[in-house]
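What follows is a set of notes on a single structure, which appears directly below.
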Protein chains: 2
Amino acid sequence: MEQAHLTAVLGFPLFAALSDEARGRLQAEGFVQSQPVDAILFEQGQGAQFLHVILSGSVALVGSAAATEASVDVPADAQSRVVVDREAIIEIFGAGDVVTIAAVLLNLPYMMSARTIAPSRIAYLPAPLIRSFLDNEASFAKAVAMKLAKHWRLLSRQLKDQKLRSGTQRLGGYLLSLSDGRMNGAATIDLPVDRRTLASWLGMSAENLSRSLAQLKSIGVHVSGRHTQIDDIARVRSFCLEDDLR
Amino acid sequence: MEQAHLTAVLGFPLFAALSDEARGRLQAEGFVQSQPVDAILFEQGQGAQFLHVILSGSVALVGSAAATEASVDVPADAQSRVVVDREAIIEIFGAGDVVTIAAVLLNLPYMMSARTIAPSRIAYLPAPLIRSFLDNEASFAKAVAMKLAKHWRLLSRQLKDQKLRSGTQRLGGYLLSLSDGRMNGAATIDLPVDRRTLASWLGMSAENLSRSLAQLKSIGVHVSGRHTQIDDIARVRSFCLEDDLR
DNA sequence: CGGCTTATTGACATACGTCAACTATTGTGG
DNA sequence: CCACAATAGTTGACGTATGTCAATAAGCCG
C-alpha cells in the first residue's frame with residue numbers, strides 16, 4: 001500500500017524524470033504517512049530530515065516567535081517577562097506541493113514549523129536522498145529550481161502585499177485568487193479554510209478579518225459560512241488595486 | 001573591457017562550473033553596464049529579458065502598488081479616486097547576487113522593479129541563454145536551486161518578521177544581522193544604506209524608523225549618522241526576540 | 001435540545017502612518 | 001573657507017488601522 005502511494009509521488013512533475021535507479025531508491029527509502037488535522041510534520045529549529053511531499057490534504061507553514069511585552073522599560077530580565085508564543089501562517093501548501101525544500105537542499109534547520117490543516121497523506125523522502133538527486137539527476141535539479149522559482153514568487157507577492165496593502169485589500173486579493181483568474185463578472189467561491197487560519201495567513205487578527213469581510217459587503221462580496229458570492233469581480237479588483245502579476 | 005567584466009561573472013559560484021561552450025556563449029551574448037545610483041534595471045510588469053548579475057554595488061527590488069483612499073464609500077469610479085503610487089523595497093541585493101532569477105526561469109513578467117541604490121556594475125545575461133543553461137548544464141541547475149533556496153529563506157524570514165514582529169524589533173534584528181553573527185558583547189556597525197531606503201525595506205515609514213532608533217537607545221544602541229554602536233548584543237537580541245535561524 | 005466550538009461585534013488601547021515644522025548634514029558656488 | 005541652498009533626518013501632533021479583551025451570536029454535533 002505504501003508503495004502504491006509512493007508511486008503517486010513519482011507522478012508529480014518534480015519527480016517525473018528521475019532515472020530508474022533513483023525511482024527505486026525513492027521507493028525503498030521513502031515512506032507515506034496519513035496524518036490527521038493538526039499533526040506537526042516538523043518544528044522550527046530542527047534539522048531538515050525529510051522532504052515532505054503532500055499527496056493529499058493541506059499543510060500550513062507556520063512561523064512562531066516568542067512574544068513579550070517587548071517594552072523597553074522592562075529590562076533584559078528574562079524572569080520578569082511575560083512570554084507568550086505567537087504564531088503566523090507563512091504559506092499554505094496543497095496536494096502536489098513540497099513543504100520546505102530550501103532547508104532540505106541547504107541542510108539547515110527549518111525556519112518554520114509545518115502543521116496539517118486538513119487530514120493529509122504525506123510522503124517522507126529522506127533529505128540526503130533528495131540532495132543526492134540534486135547532484136546526480138540532471139532533470140531533478142531543474143525541476144527543483146522551477147518549483148523554488150514559483151514558491152519564491154508566491155512569497156514575494158505576499159511580502160509585497162504585506163508591505164503595501166491593507167488587511168482588507170489582502171483579503172480581497174485572496175478571494176480574487178480563488179475565483180480562478182476571471183477578470184470580470186460574478187463568482188461563487190467556497191473558502192477552503194476556517195477563519196482563524198485565513199486570518200493568520202493574511203497577517204491579521206480573526207476579529208479584523210470579520211470586520212474586513214463586513215466591509216467588503218459594500219462592494220458586493222457576500223460571505224456566509226464558507227460560501228462566498230462576488231457580484232462583480234472587476235469592482236473588487238479595483239478596490240484591492242490588484243495587479244495581474246502572478 | 002567588457003570581456004574582463006564578464007570574466008568576473010564566471011568566477012561567481014553560480015557560473016563556476018559551466019562548460020567551456022557555455023562560458024563562450026555567455027561571454028558572447030552577455031554584456032556589462034555601469035549604472036549610476038537610481039538607475040532602473042527593469043520595471044514591474046515587463047517580460048524578463050535578462051538575468052541581472054551584480055558585479056559591484058547594490059540593487060533594490062521594489063514593489064509598487066497604486067495606492068488610493070481605498071475607502072469603501074468611494075465607489076468604483078476611477079476618475080474620482082486619488083491614485084498615488086506607493087512603493088516598498090522587498091529585497092536588497094549586493095555583489096555576487098542575481099536580481100530576480102525566478103522571472104527569468106519561468107519566463108514571466110517581473111513582479112517587481114529593480115533600481116540601483118548605489119553606483120553598480122551589472123552584467124546582463126539574456127534570459128533564453130540562462131534557460132538553456134538550465135536544460136543543458138547539469139551543474140548550473142543545481143547552483144540555481146541552491147541560490148533560490150537561499151533567497152527563499154531570506155524572503156520567508158522577512159515575511160515572518162513582518163507578520164510577527166514590531167517595526168522596532170525588525171530594526172533591531174536588522175542591526176544584529178549586520179554585526180556578523182556574534183551572540184554577545186559589543187559591536188560597531190556602519191549602516192550600508194540611507195534611512196529612507198532602510199525604512200522602506202523594513203516596511204515602515206522613515207519617521208517611524210527615527211522613532212524606533214530613538215527607542216533602541218534605551219537598550220544600548222547608539223546611532224549617529226551611519227555609525228552605530230551596540231553596547232550589548234545579547235540585550236538587543238532578547239529585546240528583538242531574535243531566533244538563530246538563518 | 002444543550003453544550004461545544006467558531007465567528008462576530010463592541011469598546012478600548014496601541015502601533016503606525018501622515019503632515020508639518022524644525023534641525024542637521026551635505027554639497028556648491030562665490 | 002564661508003554662505004547658502006538643497007537634501008536628509010528628526011520631532012511633535014494628530015488620525016487611522018489594527019490588535020486585544022470581553023461579551024454575544026451563530027454553527028455544529030452529540
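As the structure is a computational prediction, the values presented were derived from the model and not from experiment. Proteins come first, then strands; the chains are lettered A, B, ... in the order of their sequence lines, and each starts at number 1.
Listed by chain and number, the residues in a side-chain hydrogen bond (donor to acceptor under 3.5 Å, both in side chains) with A:Asp232 amount to none (sequence neighbours excluded). Residues forming a side chain to side chain contact (heavy atoms under 4.5 Å, CB included) with A:Asp38 (at least two apart in sequence, or on another chain): A:Arg115. Annotation: salt bridge (Lys or Arg N to Asp or Glu O under 4.0 Å) contacts of A:Glu207 (sequence neighbours excluded): none. Shown here are the salt bridge (Lys or Arg N to Asp or Glu O under 4.0 Å) partners of A:Lys147, two or more places apart in sequence or in another chain: A:Asp97. The salt bridge (Lys or Arg N to Asp or Glu O under 4.0 Å) search around A:Asp180 returns A:Arg182, not counting sequence neighbours. The ring-ring contact (aromatic ring centres under 6.0 Å, His included) search around A:Trp201 returns A:Tyr174, not counting sequence neighbours. Checked against side chain to side chain contact (heavy atoms under 4.5 Å, CB included), B:Asn184 has the following partners two or more places apart in sequence or in another chain: B:Ala234. A search for salt bridge (Lys or Arg N to Asp or Glu O under 4.0 Å) contacts involving A:Glu91 returns nothing, not counting sequence neighbours. Partners of B:Ala48 by side chain to side chain contact (heavy atoms under 4.5 Å, CB included), not counting sequence neighbours, listed by chain and number: B:Ala103, B:Val104, B:Tyr110.
Rounded to whole Å, the distance from CG on B:Asp194 to C1' on D:dG9 is 10 Å. Between A:Lys217 atom NZ and C:dA7 atom C1' the separation is 12 Å, expressed in whole Å. If you take CG of A:Leu171 and P of C:dA7, they are 14 Å apart, rounded to a whole angstrom. One can place CD of A:Gln215 at 11 Å from C1' of D:dT18, the figure rounded to the nearest angstrom. Put simply, CZ on B:Arg226 is 11 Å from C1' on D:dA8, counting in whole angstrom units. The CG atom of B:Leu191 sits 10 Å away from the P atom of D:dG9 (whole-angstrom rounding). Here D:dA17 presents its P atom at 16 Å from CG of A:Leu164, a figure rounded to the nearest Å. In this structure, CG of A:Asp161 is placed 13 Å from P of D:dT18, rounded to the nearest angstrom.
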TODO: If a protein heavy atom is under 4.0 Å from the base, mark B; if only from the sugar-phosphate, S; if neither, -; do that for nucleotides 16-28 of chain C going 5' to 3'.
DONE: SBBB---------
Short N/O separations, protein against nucleotides 25-27 of chain D, under 3.5 angstrom:
none

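Of the candidate nucleotides D:dT10, C:dA7, D:dT11, D:dT11 has the atom nearest to the side chain of B:Ala214.
For the helix from C:dC1-D:dG30 to C:dG30-D:dC1, the angle separating the two terminal helix axes comes to 30°, with each axis derived from five pairs and the value rounded to 10°.
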TODO: Go through A:Phe42 and A:Tyr124 one step at a time and tell me if the ring pair (Phe, Tyr, Trp, His ring centres under 6.0 Å) criterion holds.
DONE: CA-CA 11 Å; A:Phe42 53 78; A:Tyr124 291 67; 9.4 Å; no
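Counting heavy atoms from C-beta on, the side chains of A:Leu213 and A:Val221 never come closer than 4.5 Å.
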